[in-house]
Every structure is written in structure tokens, then in C-alpha cells.
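Positions are given from 1 along the sequence. The model shown is predicted, which means the values in this text are computed figures rather than measured ones.
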Amino acid sequence: MQSINTKSIVFYNGSTKRSSCGYCKKENSSFSNGMWASSLSVQAYQDMIDRGWRRAGKYCYKALMEKTCCPLYTIRCEALNVELSKSQKKIIKRVTTFLKNGECEKNPVNTEQAEREPIMKYKFEDIQNHDDEMKITNSDYLFDEEQSASVIGSHNSTVVTTNTEDSKMVVPLDLSCNSDTKKETKKVKPGEGANPNLPSSKKKKLLRIQKKLAKDPNFVTKISAPQQKCLEEFIAENDSVSAGGVQKLRVSLVKTGTEAFTQTFTAGATLFAKYQIAVHNDTPDECNMEQYLSFLVDSPLKEEKSKHPDHPGYGSFHQQYWLGDKLIAVGVIDILPKCVSSVYLFYDPDYHNLVLGTYSSLREIYLVRQLYKMSPDLKYYYMGFYIHSCSKMRYKAKFRPSYLLCPLKYTWHAIDKCIQKLDNEKYSIFDVSGDVQDADISTIDNIPVLYRGSLMPYSAFKIIGNNENDDERIKEYKILIGPKLARKLIYCIMD
């Protein structure tokens, strides 16, 4: 029997049919399996996402890949070997320019390009009722929740990843990119073109080579490939400009549930509502403070500390982007043993031309590379799901090198080869080898079960409370989570 201190407790819901798809917007077309997580260790959740699961608040779901309208493939990027594209470099430079002089284009919000990930919404009443039932089911004797703040060395709960400017600094000029600001157009007078009588202009480097050849006909030019800047150098330029430019950018990593997070809770909830209404056309009731708390603040992950004094620890965090005292974006992330997992992003629509979706992803990759120095196993950036059938989600393939998870064998495969298959069929098996990944000889009898506050193997539960549907349900559960997790998670059964 597993240790009671693990306390990864789940309630399996089984297969559910959603009313609509968050990607293609079709009604009654999205199918998935789901379970509520009262609590999860970070290692348990790492194992879950490596089998195609993903969380929205405390609800975890896994698509029925062969049946759903938009198959969801788990995607991860090798953060240590990331190759910046020209467009990604331009986005960082665009932010740098804005921080330097406050200028950016002022086009209306394009919701076709604004999404990074649609939020997977479920009825708030269902979440609240389920949590209440789980609290009643869990006995205080067995599951006493620890109330401890995250204190790592001499650091407080807020980890500032750029400069340490005061969050209440007043920006002297109003340089926000409001969409209602009129754009000035410059009138360019038509010119006469180049003068054909003048000698053609040549680059200085070419002129130097010509002079050397004139002196020494045997001179051989050595052409070296231009050195490519790494992500750290681009971010460093970005931060150095923000330290002395017009705008002051401060990126803070704040753990949910801490005092520092409480102080910024209202600002986050307000920004979430503004983003959902402008970008996703939500009503105020669909993005109120309760929805924000349920989907983006509440987390089943149990906090774990790191041995390294500068490491923020493991669990759920909000990476906040501040301009002076104004919160302009929040990346909701989970820091896990092997990765930083992106949960959601919301931002101020007034700054949509900074392409904060891509910019924040690059910042999160940068965070992975920082954490790797303190935790060598942490080297991946999980971007959620790649949906090839949804054009708005294909941007994730631009982060290279990236890999997709095979939905059958749970092995990782280069995205370029996967896309070739997905172009022909929306649901595809990437691993066609005959290898068996989950060789398992154990039975469901050994699965740990929580029933009426008592922990027992499933074989003991069958004696006191088994009904005809429990066996089929727990067999399905075991297949979906795999034998490793079946021994790690505690399966909660409620009357």
C-alpha cells in the first residue's frame, strides 16, 4: 500500500460529452474522460500529462482521441535547445522598442490571432458541489491539510525574474497602446530615384576586401557564419532597455496561495475579466471573480520545496507582467519535476500588438532554462495541446524543437514527422512499433481506494460496498492513467 503522505486523491468521472468544442466551436462534438483531483503531488501530475491529461483548475481531462472533433495532442518543447525563428526575434525586439520609446502599432484586436489557449470551462456550481463532497469524504484524521508558506532560504514567496523595481512605481507618461488612439500616417513625397551617373554604393566590408585583393592577389577571404544570439541575450537586451527606458517592465513569479499572491488577486481577476470579454466575447457572469478563482487560482498540486536556495519550488504559479503599477499580462503555469507546464494566459487587450502570447511563451522557455541550472531534470516546456485541426493552435509548431505525444504508446515524436501524418488524418498514431509500453500484470484489486474516510485496497472495498458498475469503471480508469499512476493515486469512491 502506498504511503499516506502522498495524498494524491482523485474522483474519476468517466467519459463525458461536452456541449461544444472550445476550438472548432461545434456543438456536442467534444468528447473526453475526466476526473476531479482533490490533491496531487507534482510528480503524479507530471506522470499524468505524460499520458495526455491536463488540468483546468482541479478538473483533469483527457480527450477521447478517436471520437472527439478536435484531437488534442500533448506537445512539449526542448527548452534547452530552442531555435528562435525570425518572427519570434521580431516579437522580442518589438517589446524592446515599446519599452524604449512607448511606440507600437494601434490596430484593433484580432481574436483569430489573439488566442494562446481557450479556457476549458465547466459549470462553476459543479466544481463547488464536488469540492464540498470531497471535503466531507476526506477524514481529518487521515488527511490533515498542511498550512505552510513557501519559504526558500532567505527569499520571500515572490521571485522577481527581471529587475527589482517597486511594483508601485508611477509611469510618468501614458504610452499604452489603446486601440482607440488615432494612428498618424506619414506622407512620403515621391522621389526621383537613384542617380545613374553616380557610382553604385558598396558595403564597407566589400570595399575592404577589394583593397586587400589589390595589394595581395593571393589574399583569401575568410567568411565566418554570423553568430546567433541566444534567448538569454535577447531577454537581457529587453530587460536592460526596460531598466532605463520610458516603460518599466517587471516580470514576477508568484506562487498561488501566498500573501504576495493575495495582494495582487484583485488586479489579476480584473485583468482576466477584461481579457475574456474583449477576446473571447464572454459575458461578465462568465468571467467573474468566482470563475477566476475556480479555473486559474485553485489548483490540486501540493507545494514541494527545492533543495536549491534560489529555486522557487514546485507547484502552481502566476507569472505576472507589470508596466509600472499596471498588470498587463499573467501566465498561469505549473512548475513540475521535468517541466514548466503552461496552463493559461490572459493579457490586457490594449497591448495586443505586443503579441504577448508568443512573448510570454518565450519568457516561460527562458524560465525553464533558468530552473535547469538549479534542477537538471527540469528541461522541457509543455505548451498544453497541439490541435492540428484548429489553425489558431498551429502556432505551437513554430517553437522548435518540439515533440508530440503518441496517443497510444505515450512516446515522443518530432513534430515535423507528426504533421505529415496529421495532414492526412486528424487522429493518428505516431508510434507504429510493436513495443508494449505498459506491461502490467497487476489487477484492479490492488488499486488504493478511499471510501468513507478509510484507505483500503479495492479488494477490501468490494466486500463492503461494491456494485455492478464499479469494476468496469475502475478498469477503464486504470487503462487511462496507466499501471504506474494506478498505484500512486488514491481512487475516491463516494456513495
Gln319-Tyr321 side chain donor-acceptor pair, cut-off 3.5 Å: yes

Donor-acceptor contact present, side-chain Lys274 to main-chain Pro349, <3.5 Å: no

Test item: His318 side-chain N/O and Leu296 main-chain N/O as donor-acceptor pair under 3.5 Å: yes

Centroid-centroid distance, Tyr12 to Trp53, less than 6.0 Å: no

Stacked cation flag Lys396 on Tyr386, 6.0 angstrom / 45 deg: no

Donor-acceptor contact below 3.5 Å, side chain Tyr45 vs main chain Arg55: yes

Donor-acceptor side-chain pairing of Glu237 and Thr96 below 3.5 angstrom: no

Aromatic plane relationship, His311 with Tyr314 - under 30° parallel, 30 to 60° tilted, over 60° perpendicular: tilted

Pairwise ring-ring contact (aromatic ring centres under 6.0 Å, His included) hits with a residue in residues 67-92, at least two apart: Tyr73-Phe430

For Glu232, the option from Arg369, Arg363, Lys373 that meets salt bridge (Lys or Arg N to Asp or Glu O under 4.0 Å): Arg369

Check: Thr68 side chain, Phe31 main-chain N or O, donor-acceptor pair, under 3.5 Å: yes

Test item: side-chain donor near acceptor, Asn238 and Tyr366, under 3.5 Å: no

Check: Tyr382/Asp50 side-chain N/O donor and acceptor closer than 3.5 Å: yes

Donor-acceptor side-chain pairing of Asp47 and Gln43 below 3.5 angstrom: yes

All ring-ring contact (aromatic ring centres under 6.0 Å, His included) counterparts of Phe265, not counting sequence neighbours: Tyr292

Whether Tyr344 and Tyr275 hold their rings parallel, tilted or perpendicular, with breakpoints at 30° and 60°: perpendicular

Any donor-acceptor N or O pair under 3.5 Å, side chains Asn33, Ser15: no

Of all pairs that satisfy salt bridge (Lys or Arg N to Asp or Glu O under 4.0 Å), the ones with a partner from residues 64-77, not counting sequence neighbours: none

Donor-acceptor pair, side chain of Thr358 and main chain of Val355, under 3.5 angstrom: no

Side-chain donor-acceptor pair present, Lys89, Gln228, cut-off under 3.5 Å: yes

